[in-house]
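The block underneath contains the structure these notes are about, expressed in structure tokens.
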There are 2 protein chains.
Amino acid sequence: MPAQTIVPVEANLINALEDRGLRKTSARSAVTTRIETASGAFTAEQLCRDLPEVGRATVYRTIRHLVDAGALCKLPMLDGAPKYSVARNEHHHHTICSRCGAVEEFRHSTVERVMRSLEKEIDGDIVGHRMEIFITCSNCLAESNRGGSSGR
Amino acid sequence: MPAQTIVPVEANLINALEDRGLRKTSARSAVTTRIETASGAFTAEQLCRDLPEVGRATVYRTIRHLVDAGALCKLPMLDGAPKYSVARNEHHHHTICSRCGAVEEFRHSTVERVMRSLEKEIDGDIVGHRMEIFITCSNCLAESNRGGSSGR
DNA sequence: TCCTAATTGATATCAAGTATCAATAAATTG
DNA sequence: CAATTTATTGATACTTGATATCAATTAGGA
């Protein structure tokens, strides 16, 4: 058992698949490393376009596995296809820039505390929650200050 | 101007359309009264099935108008088609029963207060937010207590 | 009533995503 | 390491949800 065979912890996504008893294949590695390399949230179609060597069905299947494993968050958008983002923290929420679509993760204890206070008011058992904050991100703000009305 | 011509305030949805300069047609009335009569949230396809006399395109168009007018909320679901629910209060959130799909509206000042405290922490300008609480509603709880494991 | 612009709805089309299934690749076993 | 078994792949067809087109129809003002 040489120390070299220890898998680096950064390889999160492919591990999440192996933990579920799924085989480590080149297609799945291509998908997971692409997700880990690229920055930020993405749609399934974007991934397909970025990885023409991997079949569409496989891309969709791999995404589904990752969501089932809790390694990816599925974010249904008000219009168009859902976005996916890597789940870095156990429980968290998202900010979504309504101008450029950038998604960031955040967590705040107050939100969780509010949930607990709502339990009394809500008729039924709370089993989960979801919260998205729509923002204009600092990049987009800077751009509109700089460029004037050019911000597409 | 006889008093009789005053429109009852309950006819909310068709009014919302007229307020936007849209004509009051029989197709639109059929859609809005169906929405007002039926209870709870619905999908576009459900409406189409309930109103075979109205064309699909018209159903979808009318829904879109109502959402644009702020009279309907569009709720993207984690899977499948979005649901729509009548917006009774200006600003509110939703509880969604993950067993039967029932949607209820709620509002709570604490949630809004939390939003204000998050403004300091978030990089960018907050332009809105969305929050859904997933519950097992009291009906479903009662049913599973009564029927045992029959809960579908 | 007449006129014009808005509306309708059958149809075609688009987009996102899933099912099928023969060919292929991974793991296992002898 | 070869043989065997089983999971996986991906081209294709299909499903579903929703929108575009456009001739026929209708609402509502003049």
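Here is the naming used below: chain letters follow the sequence lines, and residue numbers restart at 1 for every chain. Nothing here was measured: the structure is a model prediction, and the numbers come from that model.
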Legend entry - Whether Arg34(A) side chain and Leu47(A) backbone form a donor-acceptor pair below 3.5 Å: no
Inset, instruction - Can you tell me the distance, in whole Å, between the CD atom of Glu18(B) and the P atom of dG29(D)? - result: 10 Å
Legend entry - Between C1' of dA11(D) and OH of Tyr60(A), the distance in whole Å: 16 Å
Inset, instruction - Would you mind telling me which of dT8(C), dG10(D), dA18(D) lies closest to the side-chain atoms of Arg28(B)? - result: dT8(C)
Legend entry - Among dG17(C), dA18(D), dT8(C), the one nearest Ala44(A) by side-chain distance: dG17(C)
Inset, instruction - Quickly work out the Met77(A) CE to dA15(C) P distance and round it to whole Å. - result: 20 Å
Legend entry - Sidechain-backbone polar pair: Lys74(A) side chain, Leu78(B) backbone, donor-acceptor under 3.5 Å: yes
Inset, instruction - Take the C1' atoms of the five end pairs on each side of the helix from dT1(C)-dA30(D) to dG30(C)-dC1(D), get both axes, and report the angle to 10 degrees. - result: 30°
Legend entry - Base dG17(C) to side chain Arg61(A), donor-acceptor N/O within 3.5 Å cut-off: no
Legend entry - Residue whose nearest DNA chain C nucleotide is more 5′ - Ala57(A) or Glu45(A): Glu45(A)
Inset, instruction - Check the side chains of Arg61(A) and Thr58(A) for a donor-acceptor pair under 3.5 angstrom, ignoring hydrogens and angles. - result: yes
Inset, instruction - Please check if Phe106(A) and Met115(B) belong to a single hydrophobic cluster, counting links between Ile, Leu, Val, Met, Phe, Trp and Tyr side chain heavy atoms closer than 4.5 Å. - result: yes
Inset, instruction - Mind checking side chain to side chain contact (heavy atoms under 4.5 Å, CB included) for Glu112(B) and listing every partner two or more places apart, or none if nothing turns up? - result: His91(B), His93(B), Arg107(B), Arg116(B), His129(B)
Legend entry - For atom CD of Glu53(A) and atom P of dT24(C), their distance in whole Å: 19 Å
Inset, instruction - For His65(A) and dT18(C), give me the distance from atom NE2 to atom C1', rounded to whole Å. - result: 13 Å
Legend entry - Any Thr25(B) side-chain nitrogen or oxygen under 4.0 Å from OP1 or OP2 of dT8(C): yes
Legend entry - Closest listed nucleotide, where the reference is the side chain of Arg23(A) and the choices are dT8(C), dA27(C), dT9(D): dA27(C)
Legend entry - Residue Ala27(A), side-chain atoms from C-beta onward, closest of dG10(D), dT19(D), dT7(C): dG10(D)
Inset, instruction - Scan side-chain atoms only and decide if Ser109(B) and Arg113(B) contain a donor-acceptor pair under the 3.5 Å cut-off. - result: yes
Legend entry - Rounded interatomic separation in angstrom, taking CZ from Arg56(A) and P from dG17(C): 9 Å
Legend entry - Length of the NZ-P vector between Lys24(A) and dA27(C), whole Å: 9 Å
Inset, instruction - Decide if atom CD of Glu132(B) counts as having more than 12 heavy atoms of other residues, nucleotides or ligands within a radius under 6.0 Å. - result: yes
Inset, instruction - Would you kindly compare Leu22(B) and Gly80(B) by the position of their nearest DNA chain D nucleotide and give the one closer to the 5′ end? - result: Gly80(B)
Legend entry - Length of the line joining Leu47(A):CG and dG10(D):P, which is rounded to integer Å: 14 Å
